[in-house]
Number of protein chains: 2
Amino acid sequence: MSPSLPSGLLGDLDPTSDRAVFRQIADQLREAIDRGRFREGEKLPSEAELVDHYGVSRMTVRNSFSVLQGEGLVHAEHGKGVFVRPRPPVRRLASDRFARRHREQGKSAFIVEANAAGSHPQVDSLEVKEEKASQDVSARLGSVRRVLARRRRYLLDGRPVEFATSYLPLDIARGTQIAEPNPGPGGIYARLEELGHRLDHFEEEICARMPSPAEVKTLHLAAGVPVIHLIRTAFDTEGRPVEVCDTVMAADAYVLSYQLPAT
Amino acid sequence: MSPSLPSGLLGDLDPTSDRAVFRQIADQLREAIDRGRFREGEKLPSEAELVDHYGVSRMTVRNSFSVLQGEGLVHAEHGKGVFVRPRPPVRRLASDRFARRHREQGKSAFIVEANAAGSHPQVDSLEVKEEKASQDVSARLGSVRRVLARRRRYLLDGRPVEFATSYLPLDIARGTQIAEPNPGPGGIYARLEELGHRLDHFEEEICARMPSPAEVKTLHLAAGVPVIHLIRTAFDTEGRPVEVCDTVMAADAYVLSYQLPAT
DNA sequence: CTTGCCCACTCGTCTATACGAGTATGCCTG
DNA sequence: CAGGCATACTCGTATAGACGAGTGGGCAAG
C-alpha cells in the first residue's frame, strides 16, 4: 500500500479547467519545487503515490514527469524514484582565459583552474591524428584539405563536462610537439608562439541547442540539459587562422563570461 | 485505410535488440531526417501509418515522436501532422555591436541590422517603470535599491526571438529621456554618454538552459528549443556599472560571436 | 555474524481502447 | 457558383492493464 501524501504538499485538480490534467499535475510539482518544498536531490512522490493522490492513471502521472524532465527540472532513476535535479557547480570561463600570463605553468589551464576551485579535474579520450578537414573547418582555416585533430574530453569530479577538438593546419603542426599527445607546458598555444605564430586574437562563435544522442552519451547528459557549442578560431599576428577549436559543453556546467571594449 | 509507407523509407525493428522499440523507431526517423529523406518542414508519416508499418501500438509511436521533439528535431501540429522542424534564419550578434560607430543612426541597432538582413523587425511589450531591484541586479549595479526597468520584446518576421530588460540606477536615469518609452537616436547608450557617463567596457555572462513555462509563452518556443540567457553590464570610464541588461533569447535564432585579444 | 534469497517498491516499456479537438477536403444544397 | 456541412484524417488526452528490470531491506539459512 502506498502511504498517502502529506496533505497540503500538493493541491487538487481543477476539473473545470481547460488545462490538461497532466499539465496541472506538472504545474503543481513545478511550483512545489520552485518554492523549495522539494529540495535539490530530494525524491518526489512516487508515481503510485501521485496516482492515489490525484486519482488518475499511471500514464498521466508519467506524462507529467516527462514534462518536468524536458524542462530539466527532475530526473528519474530506475528502481529508486524521481528526484529534483541538483544544479551542479558551474565552471566560469572568463574571456581572458587564453591570456599569455595564464600560460606559464606546466599544467593546462583546465587543471590549474579546477584545482583552484577545489574540484578534481581529469582529461581523457585523448586522440591526436591527421584527418580530412570538414567543410566548415576547412573554410575557417582558409581552404585546408587535411588537418591535425586533437580530441579530448574534460571531466570535473568524475563528471564529463566538455568535449573539444582542435584542428590545426598540417604545415604548422606536423612533426612538432603539437602532434604529440602531451603538447607540453602552456599547451598548444605556447607551442604555436614558439613556432613563430604569435597569437593576435581569437574569434568565438557560440550557439546553444539540444544534444545529439552521441553527445548525450559522451557527456552523460540528463534529459532536458542543452549543450553550448563553441567554435574558436585563433589568428596569428599576420592574420592567418592557425587553429580551430570545436567545443561542446554541458550547458548546466558552464557560465561564459566576456569583456568587450565600448570602443 | 492508411496508405502504406513507401518501402525502404524506414527499416524494420530488431526484436533481438535490447534497445526499446520506441527508441529504435526514433533512431530510424532521426537517421532518415539526418540523411535528408525528410526535408525541413516536410511532414513525417502519421502516427497511424507508423503503427501499421511497425506493427506497434499508437502510444509507442507517440513515445518515439516525443523523443524527437525533446531533441528539437520535429514538432507536431494538431490536426495536421508531425513535421521536421525548420532551422530558422539565425541572427548573428557580433561583439562590436555596441561600438559607437554603430550608434549614429536614428533607429535601434536591432532594426537596422534586421533590415540589412532582409527581415521584418518589430519591437513590442514596451514597459518602462521604476521598481525594486532584484538581489542579483542590485549586486551588479553596486547595491542599488530601486532601478529604472526597460522591458521589450524583439520579433523578426513576426516571430518573437528575444526578451530583454535593462536596469539603470535611478540617480542616472530618472527624469531623462532614458525614462521615456523612446530613448531617441542611438538608444540608451547614446543618452548615457550625453549624460557624462562615457562607456568604457561591457561584461557579458552567458548561460544556456531549458526555458521556463513563462519563457515558452513569451517567445513562442517549440519543444526542444533551449534559451540563451545573457546578462550584460555596462561600465563607464570611472568603473561604475551604469546598466544591467538581462536578455533571454530563443537559442535557435542566435549565434553569438566574440572577438578576444590574445593579450 | 554473514551470506543469499525473496519480496516490495520503484521506474521502464508496451498494448489496447476510447473520446476529444483541430484541419482539410469534397460533396451537397441553396 | 458559393456557402456550409459531413466526413475522414490528424494529433491530444486519458484509462486500465500487463510484464520487465533495477534497488534495497528484511528474513532465513548457513
Side-chain angles (χ1 to χ4, degrees), chain A residues 1-5 12-27 29 38 41-70 73-85 216 222-224, chain B residues 1-5 12-27 29 38 41-70 73-85 216 222-224:
Chain A
M1 199 56 202
S2 312
S4 75
L5 249 45
D12 294 320
L13 298 178
D14 175 4
T16 70
S17 167
D18 293 359
R19 196 148 176 86
V21 173
F22 76 89
R23 288 187 203 285
Q24 291 187 47
I25 297 178
D27 290 345
L29 290 169
F38 301 108
E42 199 175 334
K43 185 177 169 302
L44 294 180
S46 75
E47 294 175 355
E49 283 168 336
L50 291 173
V51 163
D52 285 354
H53 177 81
Y54 288 113
V56 298
S57 82
R58 189 175 155 225
M59 291 310 290
T60 302
V61 169
R62 282 182 63 77
N63 214 341
S64 313
F65 277 151
S66 93
V67 169
L68 299 178
Q69 274 195 51
L73 275 181
V74 306
H75 70 111
E77 292 184 35
H78 193 168
K80 295 200 201 163
V82 178
F83 301 83
V84 179
R85 205 155 65 74
V216 167
Chain B
M1 200 55 203
S2 311
S4 75
L5 248 44
D12 294 319
L13 298 179
D14 174 5
T16 71
S17 167
D18 293 356
R19 196 151 176 84
V21 173
F22 75 90
R23 287 187 204 285
Q24 292 187 47
I25 298 177
D27 290 344
L29 290 168
F38 301 108
E42 199 175 334
K43 186 177 168 301
L44 294 180
S46 75
E47 294 176 356
E49 283 168 337
L50 292 173
V51 163
D52 285 354
H53 177 80
Y54 288 113
V56 298
S57 83
R58 189 174 156 225
M59 289 311 290
T60 301
V61 169
R62 282 183 62 77
N63 214 341
S64 313
F65 278 151
S66 93
V67 169
L68 299 178
Q69 274 195 52
L73 275 181
V74 307
H75 71 109
E77 292 183 34
H78 193 168
K80 296 201 200 161
V82 178
F83 302 83
V84 179
R85 203 155 66 73
V216 168

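Proteins get letters first, then strands, A, B, ... in listed order; numbering begins at 1 in each. These numbers come from the heavy atoms of this one structure, side chains and all, not from hydrogens, waters or symmetry mates.
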Inset, instruction - Give the rounded distance in Å between these two atoms: OH of B:Tyr54 and P of C:dC14. - result: 13 Å
Legend entry - Separation of D:dT10 C1' from B:Glu77 CD (nearest whole Å): 11 Å
Legend entry - Least distance between heavy atoms, A:Val56 atom then A:Val51 atom: O-CG1, 3.1 Å
Inset, instruction - Can you measure from CG (A:Leu50) to CG (A:Leu44) and round to the nearest 0.5 angstrom? - result: 8.0 Å
Legend entry - Whether B:Glu47 side chain and B:Arg62 backbone form a donor-acceptor pair below 3.5 Å: no
Inset, instruction - Please work out which residues in residues 14-26 of chain B have a non-hydrogen atom less than 4.0 Å from an atom of DNA chain C and list them by number. - result: B:Ala20, B:Val21, B:Phe22, B:Arg23
Inset, instruction - Please report the closest heavy-atom contact between A:Leu68 and A:Ala26, naming both atoms and the distance. - result: CD2-O, 3.7 Å
Inset, instruction - Spell out, as yes or no, whether a donor-acceptor pair under 3.5 Å connects the side chain of B:Gln24 to the backbone of B:Arg19. - result: yes
Legend entry - Rounded distance in Å - CG (A:Leu68) to P (C:dC11): 13 Å
Inset, instruction - Give a yes/no on whether any side-chain N or O of A:Thr60 is located under 4.0 angstrom from OP1 or OP2 of D:dT13. - result: no
Distances under 3.5 Å between nitrogen or oxygen atoms of protein and nucleotides 22-27 of chain D:
unit_1 : atom_1 : unit_2  : atom_2 : d
D:dG22 : N2     : A:Gly79 : O      : 3.1

Legend entry - Contact under 4.0 Å: B:Ser57 side-chain N or O vs C:dC14 OP1/OP2: no
Legend entry - Backbone N/O of B:Phe22 and side chain of B:Ser64: donor-acceptor pair under 3.5 Å: yes
Inset, instruction - Would you mind reading off the distance between B:Glu47 atom CD and C:dA16 atom P, rounded to a whole angstrom? - result: 16 Å
Inset, instruction - Let me know the distance between CE of B:Met59 and P of D:dC11, rounded to the nearest Å. - result: 13 Å
Inset, instruction - Take atom CG of A:Asp52 and atom P of D:dT15, then tell me their distance rounded to the nearest Å. - result: 13 Å
Legend entry - Length of the line joining A:Phe65:CZ and C:dG12:P, which is rounded to integer Å: 10 Å
Legend entry - A:Arg58 side-chain N/O to D:dT15 phosphate OP1/OP2 under 4.0 Å: no
Legend entry - Below 4.0 Å: OP1/OP2 of C:dC9 and any side-chain N or O of A:Ser46: no
Inset, instruction - Would you please test A:Gln69 and A:Val74 for side-chain contact (heavy atoms from CB on, under 4.5 Å) and show each step? - result: CA-CA 5 Å; A:Gln69 274 195 51; A:Val74 306; 3.8 Å; yes
Inset, instruction - Would you sort out whether B:Thr60 and B:Tyr54 count as a side-chain contact (heavy atoms from CB on, under 4.5 Å), showing the intermediate values? - result: CA-CA 10 Å; B:Thr60 301; B:Tyr54 288 113; over 6 Å; no
Inset, instruction - Search all heavy atoms of B:Ala222 against all heavy atoms of B:Arg85 and return the closest pair with its distance. - result: CB-CD, 4.0 Å
Legend entry - Atom-to-atom span, CG of A:Asn63 to C1' of D:dC11 - whole angstrom: 13 Å
